[in-house]
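Notes follow the structure.
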Amino acid sequence: MCGIVGCVLDKPAAPTIIESIKKLEYRGYDSVGIATLTDKINVKKGSGQIKDVDNAIKLTEIDGNIGIAHTRWATHGIPSKENAHPHCDCEDKISVVHNGIIENFEELKKELTEEGHQFKSDTDTEVIPHLIENYMKEGLNLLKAVQKTVKRLKGSYALAIISTDEPDKIIGARNESPLIVGLSENGNFLASDVPAILKETKRVIFLDDEELIELTKDDVKVMDLDLNIKEKTVETITWTADMAEKGGYAHFMLKEIHDEPQIIKDTLSESANIKEIVNKFKKFKRICFVACGTSYHASLIGEYLIETELGIPTEVILASEFEFFKKTLDDHTLVIFITQSGETADTLKALKIAKEKSETLAIVNVVGSTITRKEGAHHVIYTRAGPEIGVAATKTYLSQLICIYLLVAHMAENDELLNKLEDLSEQTEKLLSKEEQIKEISKKYKYASDFFYIGRGFNYPTALEGALKLKEITYIHGEGYAAGELKHGPLALIDNNIPVVGILPPGPSYGKTYSNLQEIKSRGADLIVLGSKNDKNLNGIEDKLLFDNEIDEKMAPLLYIIDLQLLAYYISVAKGIDPDKPRNLAKSVTVQ
Ligand code: M6R
């Protein structure tokens with residue numbers, strides 16, 4: 001996790017760099033720091049979110065046209081000023097920002113300490129400036145010193161490095177942590193992700209693993225680890241700077257929920273591309289989804305769809321558990337990776353394993369991310385959700401679902417399903433109609449300490465995802481269950497202190513799920529039911545969120561989740577929590 005930015009400009013760098021690093025705060029927000037170059041290295045850093053550190057120590061008031069900055073999600077060392085990046089060498093002539101984990105830092109630190117190097121932090125990163133210091137003292141220039149240093153590192157890194165000895169440049173390096181170059185009229189950039197540079201440029205080079213970069217104001221050189229120059233393609237990004245702004249909403253999360261009607265339309269426009277990919281498929285005997293978190297829940301809906309529409313044995317495996325299942329992979333299996341970021345370390349590790357034996361497909365939101373590149377999946381489908389900044393996935397989940405439904409509809413050659421998806425797009429303006437009611441309901445439930453979410457069949461994963469949203473941004477314990485499973489144990493927990501969210505669309509499962517809700521109600525729990533306006537059985541239930549259309553249980557996951565996202569959002573706000581930056585979490589999880 002963590003976000004890094006570096007730039008070499010024809011004007012003072014700090015104001016631009018701080019604006020850029022703010023756009024990466026979704027990657028981590030426990031501390032922040034900046035270093036610029038004048039005749040010396042100037043560092044300002046502190047623990048806390050960027051706006052608070054900036055208010056306290058004025059991060060933008062620092063001279064120099066060259067600078068690097070970092071926003072941190074702690075791995076080694078508590079969030080503190082000392083552990084905040086940038087980190088420097090003993091003489092404060094070299095400064096480094098790093099995203100990733102140096103796995104062999106303990107042995108390197110021991111060696112450097114024995115040589116007399118002084119360490120000021122508990123981070124793994126700090127070995128890097130000290131190694132570079134050693135190599136520069138041997139007479140190497142900055143680039144060669146970085147080359148020698150990275151050859152000694154085990155683990156993942158995206159690095160930006162400056163030195164007073166070569167005050168016109170930044171050296172960068174990438175291995176298993178994302179890094180891009182941005183090319184602009186006013187100078188050049190390095191960054192962890194595209195939103196950081198969108199205000200400055202749309203011209204981007206996506207870097208690959210084991211590449212080094214030398215960045216000056218007018219030139220960018222990309223090299224392999226032996227310093228051979230590599231030809232790289234400059235790509236033009238279609239995302240706009242506005243897409244990564246709040247656009248008048250109180251939080252990114254709310255804006256991103258409001259983007260969802262449009263996202264449904266945008267992602268449906270991928271139908272032809274998806275059909276083309278499906279046409280390339282051979283007949284698979286087994287399908288396996290691999291993902292984490294919210295993307296795992298989208299995959300579960302994929303499992304229900306494929307099993308019911310195609311009858312192909314399908315399973316969903318958590319990416320972090322995937323290596324335990326590798327023996328059953330073969331060339332009759334299609335492995336589908338679902339990931340918003342395309343950078344999740346667990347998912348990328350699983351992809352490496354799967355590619356050894358099986359055909360792979362990635363469903364991903366971030367263009368140019370690692371899973372889409374040459375070390376990535378065999379086939380790529382893009383969800384068209386635009387940048388998602390809120391840490392809790394909302395619009396990207398919906399766009400993943402749309403891609404999965406399209407994929408299955410094309411694989412099954414099911415025109416009825418395709419038509420139902422088109423119908424959904426026509427109804428999109430109604431999707432957010434219950435927002436005020438949800439806001440009211442959330443005031444009542446903000447004091448709850450536990451919630452249950454239940455659903456059956458296609459809507460069981462919706463229950464899991466609703467509960468995850470609640471946990472993530474309200475810190476209330478939420479548990480998703482298959483409706484029929486409650487009576488096998490968890491019913492013992494139900495009393496009048498526990499609200500239960502019941503997902504009850506019309507369809508073949510309705511009767512059984514309705515009975516399960518009755519069992520819960522008779523034990524005193526408060527019910528919040530999501531269902532149809534025509535459902536007369538719901539008259540006696542106080543809190544209900546009813547849908548105008550008779551959307552059946554197969555399609556319901558595409559609509560009902562929006563209400564559950566809003567419910568979690570408004571409870572979070574009612575509790576005074578910032579839903580965009582929940583504690584301990586980061587959007588892009590690049591550690592295993
Ligand atoms: O980028 P990915 O889709 O691979 O990320 C997977 C999870 O880390 C992610 O979905 C996480 O659970 C979200 N914060 C959920 O809102």
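For ligands, and for the atoms within them, numbers begin at 1 and follow the listed sequence.
- Salt-bridge check for E465 with K469: passed, with a basic side-chain N closer than 4.0 Å to an acidic carboxylate O.
- Ring pair H258/Y249: centre-to-centre distance below 6.0 Å.
- Not a single heavy atom of E343 sits less than 4.0 Å from an atom of ligand 1.
- Ion pairing between a basic and an acidic side chain is recognised when a charged N comes within 4.0 Å of a carboxylate O; E210 and R174 show no such pairing.
- Close N/O approach between K587 and ligand 1 is not found [any backbone or side-chain N/O within under 3.5 Å].
- The aromatic rings of Y304 and F458 lie tilted to each other, with the angle between the two planes from 30° to 60°.
- Ligand 1 has a nitrogen or oxygen under 3.5 angstrom from a nitrogen or oxygen of V391.
- For atom 14 (N) of ligand 1, the closest non-hydrogen atom of the protein is E472 OE2, 2.6 Å.
- The side-chain tip of K434 points at the ring of F547 from less than 6.0 angstrom away and within 45° of straight on.
- For the pair R373 and F206, the NZ or CZ position fails the cation-pi test of under 6.0 Å to the six-membered ring centre and within 45 degrees of the ring normal.
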Report the C-alpha separation of K326 and E356 in whole Å, then their side-chain angles, then the decisive distance to 0.1 Å, and conclude whether the salt bridge (Lys or Arg N to Asp or Glu O under 4.0 Å) test is met. CA-CA 10 Å; K326 63 185 177 195; E356 285 172 17; over 6 Å; no
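- For atom 6 (C) of ligand 1, the nearest non-hydrogen atom from the set C292, A291, G293, S369 comes from C292.
- Annotation for ligand 1: atoms under 4.0 Å from non-hydrogen atoms of K469 are 15 (C), 16 (O).
- Of all the atoms in ligand 1, the ones that sit under 4.0 Å from a non-hydrogen atom of A393 are 15 (C), 16 (O).
- Checked against a 3.5 angstrom limit, the closest N/O atoms of S341 and ligand 1 fall inside it.
- Classification of the F281-H379 ring pair by plane angle, with boundaries at 30° and 60°, yields perpendicular.
- Interface atoms of ligand 1 facing A392, defined by a heavy-atom separation under 4.0 Å, are 16 (O).
- Atoms of ligand 1 lying under 4.0 Å from any heavy atom of T294, numbered from 1 in the order shown and given with element: 10 (O), 12 (O), 15 (C), 16 (O).
- With a 6.0 Å radius and a threshold of 12 heavy atoms from other residues, nucleotides or ligands, K232 has its NZ atom above the threshold.
- Counting atoms of ligand 1 from 1 in the listed order, those under 4.0 Å from a heavy atom of S295 are 2 (P), 3 (O), 10 (O).
- Annotation: atom 2 (P) of ligand 1 to nearest protein heavy atom, T344 OG1, 3.2 Å.
- Protein heavy atom at the shortest distance from atom 8 (O) of ligand 1 is V589 CG2, 3.9 Å.
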